[in-house]
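Only one structure is covered here, and it is reproduced in the block below.
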Amino acid sequence: MTVFSQPSLSVYKTLAMSEPKQIVTIDGPAGVGKSTVSRLVAAAIGFLYLDTGAMYRAVGLFLVRKGVELENSAVLTAALSGLELELFFADGERGGNIGIRLNGEDVSEAIRTPAMAMVASRVSALSPVRTLLTAMQRDFGGKGGVVAEGRDTGTVVFPRAAHKFFLDARPEIRAARRVDQLALRGVAADYKEILAMTIERDRNDRERALAPLRPAADAHCLDTSDMSIAQVVGAILEKIQ
Ligand code: DC
């Protein structure tokens, strides 16, 4: 179980300077299959899995519930001081699903809606949010043995990670994968709506000023459009080992 408290700036700097040899980063756009792939890769090599998207979603839920005025940086920063996130193994062991608690409440399901994905994309462009979550993620990764997944884990959070991957796929394929994923959880979703949201989220995430979605210069880029999950996991494990 990992409780993220508010790390001091000195912790943030020390971790940024350390050598995170035992870190694998897997970044890419919405619906590309990063979570499934990252979980399987982490299980295969006995690493912890850090789902940074879940953290942005949980912060989004927290801010929406509180009705915080996002444009007011001082108000936003004050609100964030009341945030506590905790990642836990939902299936009781490494390699299983990761759950997240927001101030003690299990919000693992509540954050997985298309609406919360859009909220997460919006709040992830805000500087106080990124500063806080980047520090929490470095704190987690400071222990090593982590597969980190998100948008900026190879570029900003762990720039010195030993292995970096960037997954991509055509938007139509990603939207279809997302619809299937939601269906598995019993959430009915309209393909056209999900495709429009995927494209909008891509634009937000790629064009924002802070930590935009892009491959690190030293990342291995994989177009997974015509690959199965097993093939993607296999390709990553081959590079790592
Ligand atoms: O991976 P996801 O769909 O759960 O991510 C939700 C949103 O969170 C995504 O649209 C952008 C943001 N995000 C981010 O800005 N940086 C990350 N490292 C992970 C997610």
Side-chain angles (χ1 to χ4, degrees), residues 4 20 23-39 42 49-64 70 80 83 85 87 90 97-100 102 107-141 146-159 161 164-169 171 174-175 177-182 185 187 189 194-216 219 224:
F4 295 105
I23 291 180
V24 176
T25 62
I26 302 182
D27 289 308
V32 76
K34 297 185 299 296
S35 301
T36 309
V37 166
S38 302
R39 193 158 34 79
Y49 161 48
L50 175 61
D51 179 355
T52 63
M55 298 171 73
Y56 283 96
R57 286 170 183 255
V59 171
L61 182 62
F62 172 77
L63 295 172
V64 164
L70 299 180
L80 289 173
L83 172 85
L85 296 180
L87 291 181
N97 287 315
I98 298 291
I100 188 160
L102 167 61
V107 294
S108 318
E109 279 299 313
I111 60 169
R112 295 287 161 205
T113 64
M116 280 316 303
M118 293 307 295
V119 171
S121 181
R122 181 157 174 239
V123 303
S124 70
L126 303 167
S127 173
V129 173
R130 290 218 82 83
T131 302
L132 176 63
L133 292 196
T134 299
M136 288 179 175
Q137 290 154 14
R138 286 179 178 162
D139 192 24
F140 185 96
V146 167
V147 174
E149 171 244 309
R151 302 294 186 287
D152 65 337
T153 62
T155 51
V156 174
V157 186
F158 301 117
K164 299 180 186 178
F165 298 90
F166 190 89
L167 309 183
D168 210 344
R174 290 187 279 122
R177 286 178 185 168
R178 194 32 68 83
V179 170
D180 289 347
Q181 211 177 40
L182 288 165
R185 293 212 323 274
V187 180
I194 296 291
L195 177 60
M197 283 176 158
T198 302
I199 292 170
E200 188 181 340
R201 212 140 64 91
D202 279 0
R203 199 180 50 237
N204 289 347
D205 296 346
R206 285 185 212 272
E207 293 180 4
R208 69 179 176 222
L210 296 171
L213 168 67
R214 60 174 176 79
T224 70

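Note that ligands are numbered from 1 as they come in the structure, with each ligand's atoms numbered from 1 the same way.
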Give me the nearest non-hydrogen protein atom to [atom] as residue plus atom name, then the distance to 0.1 Å.
atom: atom 8 (O) of ligand 1; value: Tyr56 CB, 3.4 Å
atom: atom 16 (N) of ligand 1; value: Arg130 NH2, 3.0 Å
atom: atom 19 (C) of ligand 1; value: Thr52 OG1, 3.3 Å
atom: atom 6 (C) of ligand 1; value: Arg201 NH1, 3.4 Å

Would you say [X] and [Y] make side-chain contact, with heavy atoms under 4.5 Å?
X: Ile194; Y: Leu182; result: yes
X: Leu70; Y: Val129; result: no
X: Phe62; Y: Ile111; result: no
X: Arg174; Y: Pro171; result: yes
X: Leu133; Y: Val157; result: no

Do any heavy atoms of Arg208 fall under 4.0 Å from ligand 1?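 Yes, Arg208 has a heavy atom closer than 4.0 Å to ligand 1.
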Is the closest heavy-atom distance from Met55 to ligand 1 below 4.0 Å?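 The answer is no, since Met55 has no heavy atom less than 4.0 Å from ligand 1.
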Can you tell me which portion of [X] lies within the under-4.0 Å heavy-atom range of ligand 1? Options are side chain, backbone, both, or neither.
X: Met197; value: neither
X: Asp205; value: side chain
X: Arg57; value: side chain
X: Arg151; value: both

Taking both backbone and side-chain atoms of Thr153, is any N or O found less than 3.5 Å from an N or O belonging to ligand 1?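 Such a contact does not occur with ligand 1.
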Under 3.5 Å, side chain of Lys164 to main-chain N/O of Pro159, donor-acceptor pair present?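 Present.
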Enumerate the atoms of ligand 1 whose separation from the nearest heavy atom of [X] is less than 4.0 angstrom.
X: Gly150; answer: 18 (N), 19 (C)
X: Asp152; answer: 16 (N), 17 (C), 18 (N)
X: Ala120; answer: 6 (C), 7 (C), 8 (O)

Side-chain H-bond candidate by donor/acceptor type, Thr36 with Arg177, under 3.5 Å: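 There is no such pair between these side chains.
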So, Arg208 and Ser124: side-chain donor and acceptor under 3.5 Å apart, yes or no?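 Distance-only check passes for Arg208 and Ser124.
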Step-by-step salt bridge (charged side-chain N to carboxylate O under 4.0 Å, His left out) determination, Glu149 to Arg39: CA-CA 9 Å; Glu149 171 244 309; Arg39 193 158 34 79; over 6 Å; no
